[in-house]
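Remarks on the structure that follows.
FYI, side chains are in, hydrogens and waters are out, and symmetry mates aren't considered; it's all heavy atoms of this structure. Whatever order the structure lists ligands and atoms in, that order sets their numbers, starting from 1. Here the structure is a predicted model, which is why all the values come from computation and not from measurement.
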Amino acid sequence: MEFSIKSGDTDRPDACVVAGVFEARRGRFTLAAKRIDQVSGGYLTEFLRRGEMKGRLASALMLHHVPGMTARVLLVGLGKEKTYREAEFQKAVHAAVTALDAAGIRNAFLSLTSGEAPRDISWRVRQAVLVAEAACYRFDRCKGEKPPPRRALRHLALAADRGERDLGERALLEGRAIAEGVRLARDLGNLPANICTPEYLAGTARDMAAELKLDCAILTPKKIAAEGMDALLAVARGSRQEARFIHIEYRPVGNREKPLVLVGKGVTFDSGGISLKPAANMDEMKYDMCGGAAVLGVVRAAARMALPAPIVALIPCCENMPGGEATRPGDIVSSLSGQSIEILNTDAEGRLLLCDALTYAKRFKPAAIVDVATLTGACVVALGHVASGLFTRDEDLARALAEAAESSQDKLWRLPLWEEYGEALKSGFADVANVGGREGGAITAASFLSRFVDEKTPWAHLDIAGTAWKSGKDKGATGRPVVLLCHYLLQRARKRGVAADKAS
Ligand code: BES
Ligand code: MN
Ligand code: ZN
C-alpha cells in the first residue's frame, strides 16, 4: 500500500475521508468530523441524532453522498474519549481500513492521525502504517490456484497538522521500514520447513545483506565445529539439513559504538528429536524459527530507517530431527563456553542453539544482548497468546523493553529469574542439564541461558512461544516481536541522541 502525509482537507471525487466519532450519549465529533459536519450543514449530526453512529469502538458507517463534499465519508467509532488509548487507536484504524477495502475504495484520507489521539504524531503515523499493512497481509506464495484479487485500497493519506509535516514524513519512513521487517518475519515463519531450511534462512540473510549493504557471514558446519559450537551441532546431527550460523551486522557509516546484539532461535522444524513430539499440531513446529525471522526483520527495518546505532544479529539455524545420528537422551556435549551439557530431553533444543550463540556474542563487546526464541510450551501455559515472556536481571533494560511494549502494544510480561531456579538444572554427570522438569519450565529455560551470559552485560530473553504465530482458522505467523524491538531501538536512539546533545 502507498502512504503519504497530507495537511488540510483532501476532497476528491474518487476518495474517501475517514473521520472519528467518540462514544457519548449522542456521539461526539472529533475536530475532523466537526469540520465535515459544518461544510455539510449538519449532515453528520443527523446520523448521531438518529443513533446510526454512536461512536462505539471500531464501528464504521460509510456515507456516500455528503452535501458539499465530493468525497465519501467514513465515520469510525473511537469508543469513549476517556479510554481512547494506544490499543483503541489501533482498533479504529483497523476498522477503517477494513471498511474502506470492503467498500472498494482506492484512495482514502485518514484524519485519525492528527488531532485527538494517544501519543504524538510520530507514533500515530507509524502505527497507522503498521496497522494498515498488517490488515492487508496475505500469505499465498504456495497456492497453485490464482490468489483472490488484490485488495481495493491502494493509497492512504495520513493527516498531519502543517507544523508536524516533517515529523510525519519521518514517521512514515519508519512505519514503512518496520512494516517491511514484519512482513519478512511473517513470510519466513509461514513458509513450510521443506522450503525454509537453515540454508534458505542463510540465503535470505545474504541476499538482504547484499541489497542493504550490510556485513554478513554464514558459518557452515565445518566452521561451526572449528569455532567449538558443539551444542548447536548436537541438535543438527539428527537431520539431513545442515546447520547454518548467520552473523549479519548493521552499522551506520563511521559509527564505532558498542553494538546491541540480537540473537534469534532458528529451528526450521522441531520434531523434538529422539524425544519425539506427539503428532497433533506438529506442523506448527515449522514456526520454531520465528525468533530468528524476527531478528532478521528488525535488522531489515533498522537498515531501512538508517537507525543511528549498530546492531549485530546472530541466528543459529538447524532442524531438530530423530535421524540415525541424532543425539540421544543422556548424551553429554560440550558448548562454546566450555561448560558440558547433559541432554536429558532432545526436545529442549532451543537453549542448546542459543547458549552457543550467546557465548559467541561476547566477542562483539555488546552494549546489551536481547535474545528472541519460541523456547517453551511452559511460557504459553503461563501467559497464553497475549504477552511474550520477558526475563532479565537488568532493571534498566526491563524498563526500556516494558516501555516499548506499552507503546507498541506488542505486549511483554516479566517473569522472575532468581538464582534459585538454577537448582533444577543440576546434573550428576555434566556441568549442567538441559532440562529442569515441568514446573517453572519457562524460567528454568531462561535460567539455563543466563549461565552463558556475562553478569555485567545487560541481557534480556524474550520467550515468544505463545505470540509468534496464531493457531486455528487464522493460522499464521504474527511477526511479533518485530514492532516491539523496533520501538525499543527508536526509543534507545532518541534517548542517546538527547544525551549526546546535552554533552556537546
Ligand atoms: N519449540 C519448543 C517450544 C514450543 C512448544 C513452542 C509448543 C510453542 C509451542 C521447544 O523446543 C520445546 O520443545 N520445548 C520443550 C521443553 C521441555 C522439553 C523442557 C517444551 O516446552 O515442551
Ligand atoms: Mn523442542
Ligand atoms: Zn523448539
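Atoms of ligand 1 lying under 4.0 Å from any heavy atom of Glu349, numbered from 1 in the order shown and given with element: 11 (O). For ligand 1 and Val435, the ligand atoms under 4.0 Å from any heavy atom of the residue are 19 (C). Close approach of ligand 1 to Ala465 (heavy-atom distance below 4.0 Å) involves ligand atoms 6 (C), 8 (C). The atoms of ligand 1 that sit less than 4.0 Å from any heavy atom of Lys265 are 1 (N), 10 (C), 11 (O). Within ligand 1, counting atoms from 1 as listed, the ones closer than 4.0 Å to a heavy atom of Thr374 are 1 (N), 2 (C), 3 (C). For ligand 1, the atoms lying closer than 4.0 Å to a non-hydrogen atom of Asn345 are 18 (C). Of all atoms in ligand 1, numbered sequentially from 1 with element shown, those under 4.0 Å from a heavy atom of Lys277 are 12 (C), 13 (O).
Nearest to the Mn ion (ligand 2), among the N, O or S atoms that Asp270 has, is OD2. Minimum-distance N/O/S atom of Glu349 relative to the Mn ion (ligand 2): OE1. Within Asp270, the N/O/S atom positioned nearest the Zn ion (ligand 3) carries the name OD2. For Glu349, the N, O or S atom with the smallest separation from the Zn ion (ligand 3) is OE2. Here the N, O or S atom of Asp288 that is nearest to the Zn ion (ligand 3) is OD2.
Within the 4.0 Å heavy-atom cutoff, Arg438 does not count among the residues contacting ligand 1. Residue contact annotation: Phe269 has no non-hydrogen atom under 4.0 Å from ligand 1.
A 6.0 Å sphere centred on CD of Gln409 holds more than 12 heavy atoms belonging to other residues, nucleotides or ligands. In Arg256, the CZ atom is not crowded: 12 or fewer heavy atoms of neighbouring residues, nucleotides or ligands sit closer than 6.0 Å. Arg496 CZ: more than 12 foreign heavy atoms inside a 6.0 Å radius. For NZ of Lys475, the number of neighbouring non-hydrogen atoms (other residues, nucleotides, ligands) closer than 6.0 Å is greater than 12. Within 6.0 Å of CD on Glu211 lie more than 12 heavy atoms contributed by other residues, nucleotides or ligands.
Figure legend: Arg183 and Tyr137 shown without cation-pi pairing, the cationic atom not lying both under 6.0 angstrom from the six-membered ring centre and within 45 degrees of its axis.
Only the side chain of Met285 comes within 4.0 Å of ligand 1, judged by heavy-atom distances.
Tyr360 and His247 have perpendicular rings, their planes meeting at more than 60° on a 0 to 90° scale where under 30° would count as parallel.
Contact annotation: Asp347 places an N, O or S atom under 2.8 Å from the Mn ion (ligand 2). Because the distance cut-off is set at 2.8 Å, Lys265 qualifies as a neighbour of the Zn ion (ligand 3) through one of its N, O or S atoms.
When all heavy atoms of Ala357 and Leu314 are compared, the pair lying nearest together is O-CD1, 3.7 Å.
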